[in-house]
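Only one structure is covered here, and it is reproduced in the block below.
So you know, we letter chains A, B, ... as the sequences are listed, proteins then strands, and number each from 1.
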2 protein chains.
Amino acid sequence: MSVMNRALQQLKEKGYKKTKQRERIIEIFASHDQYVPAKKILQDMQKEFPNISFDTVYRNLYLLSGENVLEATELEGEKHFRLSCGTGHHHHHFICTDCGKTKLIEFCPMEKINEDLKGYDVESHKFEIYGKCPLCA
Amino acid sequence: MSVMNRALQQLKEKGYKKTKQRERIIEIFASHDQYVPAKKILQDMQKEFPNISFDTVYRNLYLLSGENVLEATELEGEKHFRLSCGTGHHHHHFICTDCGKTKLIEFCPMEKINEDLKGYDVESHKFEIYGKCPLCA
DNA sequence: ATCTAAATCGTAATCATTCTTATTTAGAAT
DNA sequence: ATTCTAAATAAGAATGATTACGATTTAGAT
């Protein structure tokens with residue numbers, strides 16, 4: 001089952017409607033195996049939908065993140081999104097600061113330090129590695 | 001030697017001038033052992049300098065970060081700053097999402113994964129843990 | 001006391017993002 | 001097929017953080 005069909009199926013089950021704009025957003029991500037800034041998505045969408053509003057793009061990016069179709073992170077003060085890796089398990093990323101491409105990091109440091117945090121209520125964590133991928137280096 | 005004197009000394013060596021505004025910014029951080037949003041610093045400064053400009057505050061926050069007097073991070077789309085821990089060695093933080101107070105995390109996960117990243121040019125990394133500290137929990 | 005680069009002020013501009021209201025549309029119900 | 005309604009969108013204003021800039025002031029060296 002394609003990424004597209006799986007996503008649309010999932011949205012349908014929650015009562016969300018299928019729109020041309022949403023389909024196109026998912027298509028764009030399917031062709032970018034990397035983190036992409038919201039602004040770039042907006043620009044790409046404008047090629048196909050000249051009158052699209054910011055709102056539509058941002059609203060859908062957040063919707064799709066909430067549904068785990070996309071993963072989000074913040075780089076240099078801008079929200080970036082990418083297709084969920086769909087590994088099914090918790091993971092982290094190396095992120096190329098040139099092209100946005102990522103490498104999966106299986107190791108999660110939290111296991112090592114939970115005992116240090118007795119009395120603390122851990123809600124989330126962020127572990128990201130930044131640099132140049134072999135192609136950009 | 002106090003934090004204040006050490007910082008002023010360091011700035012002087014680089015040819016930066018001592019100003020009332022800079023002194024006050026450092027004072028504010030010395031009384032907050034936690035991450036503080038730039039906006040909060042601006043508000044505190046306005047009490048003492050009613051005509052201070054944003055520019056002065058932001059410029060000095062970045063200057064002081066660059067000089068390692070302050071550490072910076074981005075939380076919820078806002079830059080936050082705190083006095084450098086001054087441990088002298090690399091470290092990470094647990095950050096309370098209520099009060100901004102931090103707990104030092106000595107463990108750095110990078111050692112464990114450098115061998116996974118052959119061919120990658122690692123520039124930096126971010127490892128932060130978010131949640132409620134014992135007082136806020 | 002003078003001089004000059006650094007710093008500040010005051011304000012405008014920028015940039016990402018969010019909000020609001022009116023209109024359109026997907027898809028369910030008739 | 002037509003109607004209906006909640007969901008989605010468009011258009012553009014508003015917000016909030018941050019940066020930029022010209023004019024003025026000031027720290028501190030000479």
To the nearest Å, how far apart are A:Leu61 CG and C:dT17 P?
9 Å
Of all the choices, D:dA17, C:dA7, D:dA20, which nucleotide is nearest to the side chain of B:Tyr58 once you look at every atom?
D:dA17
State whether B:Thr19 places a side-chain N or O below 4.0 Å from either non-bridging phosphate oxygen (OP1 or OP2) of C:dT8.
yes
Using a cut-off of strictly less than 4.0 Å, decide whether B:Lys18 has a side-chain nitrogen or oxygen near OP1 or OP2 of D:dA27.
no
Within a radius of less than 6.0 Å around OH of A:Tyr130, do more than 12 heavy atoms belonging to other residues, nucleotides or ligands occur?
yes
Separation of C:dT24 P from A:Asp55 CG (nearest whole Å):
17 Å
Between A:Asn51 and D:dA11, is there a contact of a side-chain N or O with OP1 or OP2 at under 4.0 Å?
yes
Ion pair check, B:Asp33 and B:Lys101, cut-off under 4.0 Å:
no
Looking just at side-chain N and O atoms, do B:Tyr62 and B:Lys79 make a donor-acceptor pair shorter than 3.5 Å?
yes
Donor-acceptor pair, side chain of B:Arg22 and main chain of B:Leu8, under 3.5 angstrom:
no
Nearest whole angstrom, please: distance from the C1' of D:dT18 to the NZ of B:Lys40.
19 Å
Tell me whether the side-chain N/O atoms of B:Gln21 come closer than 4.0 Å to OP1 or OP2 in D:dT26.
no
Nearest-nucleotide check on DNA chain D, B:Lys39 vs B:Lys12; residue mapping nearer the 5' end is B:Lys39
A:Ile52 CD1 to D:dA8 C1', straight-line distance once rounded to whole Å
11 Å
Less than 4.0 angstrom from a charged side-chain N to a carboxylate O is my criterion; do B:Arg24 and B:Glu27 meet it?
yes
Within a 6.0 Å radius of atom NZ on B:Lys18, are there more than 12 heavy atoms belonging to other residues, nucleotides or ligands?
no
Closest to the 5' end of DNA chain C, once A:Ala38 and B:Asn60 are matched to their nearest nucleotides, is B:Asn60
Let's test your reading of the model: under 3.5 Å, does the base of C:dA16 pair with the side chain of A:Lys79 as donor and acceptor?
no
Selection from D:dT26, C:dT20, D:dA7 that lies nearest to any side-chain heavy atom of B:Lys17:
D:dT26
Starting at CZ of B:Phe49 and ending at P of C:dA7, how long is that distance when rounded to a whole Å?
15 Å
Nearest-Å distance, CG (B:Leu11) to P (C:dT8)?
11 Å
Short side-chain N/O contact to D:dA27 OP1/OP2 from B:Lys20, under 4.0 Å
yes
Quick one: is B:Thr56 getting a side-chain N or O under 4.0 Å of the C:dC9 phosphate, OP1 or OP2?
yes
Please report the distance, rounded to the nearest Å, between CD in A:Glu74 and P in C:dC15.
17 Å
Start at the 5' end of DNA chain D and walk down; is the nucleotide closest to B:Phe54 or to B:Tyr16 reached first?
B:Phe54
Looking only at side-chain atoms of B:Arg59, point me to the closest of C:dG27, D:dA10, C:dT8.
C:dT8
Length of the line joining A:Glu78:CD and D:dG16:C1', which is rounded to integer Å
16 Å
